[in-house]
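This report concerns only the one structure given below.
Keep in mind that the numbers below use all heavy atoms, side chains included, and drop hydrogens, waters and symmetry copies.
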Amino acid sequence: MGKRIWTIILVAVLLLGVPIPAQATDLQLDAPSAVLMDLETGTVLYELNAREKLAPASVTKVMTMLLIMEAVDAGRISWGDMVTASETAAAKGGSQVYLKVGETMSVEDMVKSIAVSSANDCACAMAEFIAGSEAGFVEMMNRRAQELGMSDTHFVNCTGLDDDPAAAEHLTTAYDIALMSRELLKNHPDIKRFTTIWMDSVRGGAFGLSNTNKLVRFYEGTTGLKTGYTSAAGHCLSASAKRENLELVAVVLNCPNSAARFESAKALLDYGFANYALIEVQEEELPTVEVILGKSQSLQVTAQGEAQLLVDKALLQGVTRTVELPQTIEAPVAPGQVLGTLTVESGGKILATVPLVAAEEVERLSWWELFRLALGAVSMAEGENNI
């Protein structure tokens, strides 16, 4: 298939791959900035001033937890490693577990304290443990933010505290917070061991923890994620929840009070669960394609892109899938070579057009191999005639 056809297919995927959801007009939020995102596809289902730069308070710790989880999952640190509190960490104000200088605590208990009780002292201690200093860790945070496409974000610290004049530059957006929340939850699901805790303890049960995210107890399917509050930032929240196979992230910033942030996040999540669902792009096994003049006589085809598709629930009934593939193809065939398309439709609407590609390489037979096959065929025919 030529480059021109390949380009047309790519454009079709971009335009038709995920239906653009209609913006809710009756959603009542007590939040000046908000966004609702589907975790699987990254589709934005609702947004309100989602690109406005605002102070995130302790929602900052989503990035702190992301970098910690990346270090754990990469094997650079382990849950049982002991972390020693420095003077800087112990001096952090705001929410904390009151680390003493020189006190040691496991990575696991540090992360639990950050996720459940928003412990600023533990966040600073972990930053120093991973990067050598909080400043070095903040460089990592900003670099990772750019890699994730968080183009309107600049971190100054790992906690979200804004008592330092430099923190005036500590800004992000609801959309950017959704991006890093999605990265954390989708690629490091072990964090949910901590973000779904309602009450727990550290120091062998001597110090109790209570989750600042009240949705963990009061909203069905909550998986996290992080609250935040300062007088300058207002009440902030990145909330995530999962029902059936649909997981959503709702971010609200600068709410006037704590109740407003939880009610606004619940309204967003309710809207998403009521109106959207995920379906499999490919339900049945795809057919094989016969290969002419190839070292293999057939090859398997696979769908390219996301395995699931976000759809409006109104379109769930009557979903059809149409496969267009040639019966044969001439070798050589490269892995990933586009061979056809899978079209998902419902109610007369195309929901997705997905390229179907070769799952493996098939080399072309050489002239010598073709000659040997021809000789074999002749010999077989002569043997049959002599019976």
Side-chain angles (χ1 to χ4, degrees), residues 18 21 23-24 26-31 33-48 50 56 58-59 61-63 65-66 69 111-112 114-118 174-200 210-229 235-253 255 258-279 306 308-313 316:
V18 177
Q23 183 82 349
D26 58 348
L27 202 52
Q28 300 298 315
L29 303 179
D30 196 1
S33 177
V35 70
L36 177 67
M37 180 179 287
D38 166 51
L39 191 77
E40 179 64 28
T41 65
T43 304
V44 172
L45 304 178
Y46 177 89
E47 58 182 319
L48 173 67
S58 282
V59 180
K61 296 186 183 90
V62 173
M63 179 60 80
M65 291 189 291
L66 173 59
M69 291 303 301
V111 173
K112 183 192 297 183
I114 295 168
V116 178
S117 291
S118 197
Y175 176 75
D176 283 0
I177 290 171
L179 289 179
M180 66 178 178
S181 299
R182 178 183 182 233
E183 178 70 16
L184 175 60
L185 292 164
K186 186 175 182 181
N187 294 321
H188 306 280
D190 203 30
I191 193 63
K192 296 177 188 178
R193 288 199 296 122
F194 307 101
T195 58
T196 55
I197 292 172
W198 174 234
M199 299 188 76
D200 207 327
S210 179
N211 205 320
T212 56
N213 180 9
K214 305 311 176 188
L215 297 186
V216 169
R217 184 178 181 186
F218 298 110
Y219 191 80
E220 178 190 350
T222 296
T223 57
L225 183 57
K226 191 70 199 72
T227 59
Y229 169 76
H235 294 265
C236 308
L237 175 64
S238 176
S240 58
K242 184 174 183 178
R243 294 182 184 175
E244 297 180 352
N245 67 336
L246 181 65
E247 189 163 8
L248 303 172
V249 175
V251 180
V252 291
L253 297 179
C255 296
S258 184
R261 68 179 169 186
F262 292 125
E263 289 304 313
S264 294
K266 284 167 58 178
L268 286 166
L269 294 169
D270 285 345
Y271 165 74
F273 289 128
N275 289 283
Y276 296 96
L278 282 173
I279 63 171
E306 296 286 350
Q308 293 180 305
L309 177 68
L310 185 73
V311 299
D312 191 307
K313 280 189 174 180
L316 278 179

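The two residues Lys313 and Phe273 have their closest heavy-atom pair at NZ-O, 2.7 Å. The shortest heavy-atom contact between Ile177 and Pro56 is CD1-CB, 4.1 Å. Shown here for Ala31 and Leu48, the closest heavy-atom pair between the two residues is O-CD2, 3.3 Å. Heavy atoms only, all atoms of each residue included: Pro189 and Asn187 are closest at CD-C, 3.4 Å. Here the closest heavy-atom approach between residue Leu66 and residue His188 is recorded as CD1-CD2, 3.6 Å. When every heavy atom of Ala250 is checked against every heavy atom of Ala265, the shortest pair comes out as CB-O, 4.0 Å.
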Quiz prompt | side-chain contact (heavy atoms from CB on, under 4.5 Å) between Tyr276 and Asp38, intermediate numbers included | solution = CA-CA 9 Å; Tyr276 296 96; Asp38 166 51; over 6 Å; no
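Using a 4.5 Å cut-off on side-chain heavy atoms (C-beta onward), Leu39 and Lys242 make no contact. At a threshold of 4.5 Å between non-hydrogen side-chain atoms, the residues Tyr229 and Thr227 do not count as touching. Side-chain contact check for Leu278 versus Thr41: some heavy-atom pair is nearer than 4.5 Å. Two residues are said to be in side-chain contact when any heavy atoms from C-beta on lie closer than 4.5 Å; Tyr271 and Lys266 fail this criterion.
A donor-acceptor pair under 3.5 Å is formed between the side chain of Lys186 and the backbone N or O of Glu40. Proximity of a side-chain donor or acceptor of Arg217 to a complementary backbone N or O of Met199 within less than 3.5 Å is not detected. A donor-acceptor pair under 3.5 Å links the side-chain atoms of Arg243 to the main chain of Glu220, judged by distance alone. A distance-only check finds a donor-acceptor pair linking the side chain of Ser264 to the backbone of Asp30 [under 3.5 Å].
In this structure, Glu247 CD and Arg182 CZ are separated by 11.0 Å, a value rounded to the nearest 0.5 Å. Between atom OG1 of residue Thr222 and atom NZ of residue Lys214 there is a gap of 12.5 Å, rounded to the nearest 0.5 Å. Atom-to-atom distance recorded for Ser181:OG and Leu248:CG is 12.5 Å, nearest 0.5 angstrom.
No hydrogens or angles considered: nothing links the side chains of Thr212 and Ser118 as a donor-acceptor pair under 3.5 Å.
Each of Leu225, Thr223, Ile197, Leu184 was compared with Lys192 under the side-chain contact (heavy atoms from CB on, under 4.5 Å) criterion, and only Thr223 meets it.
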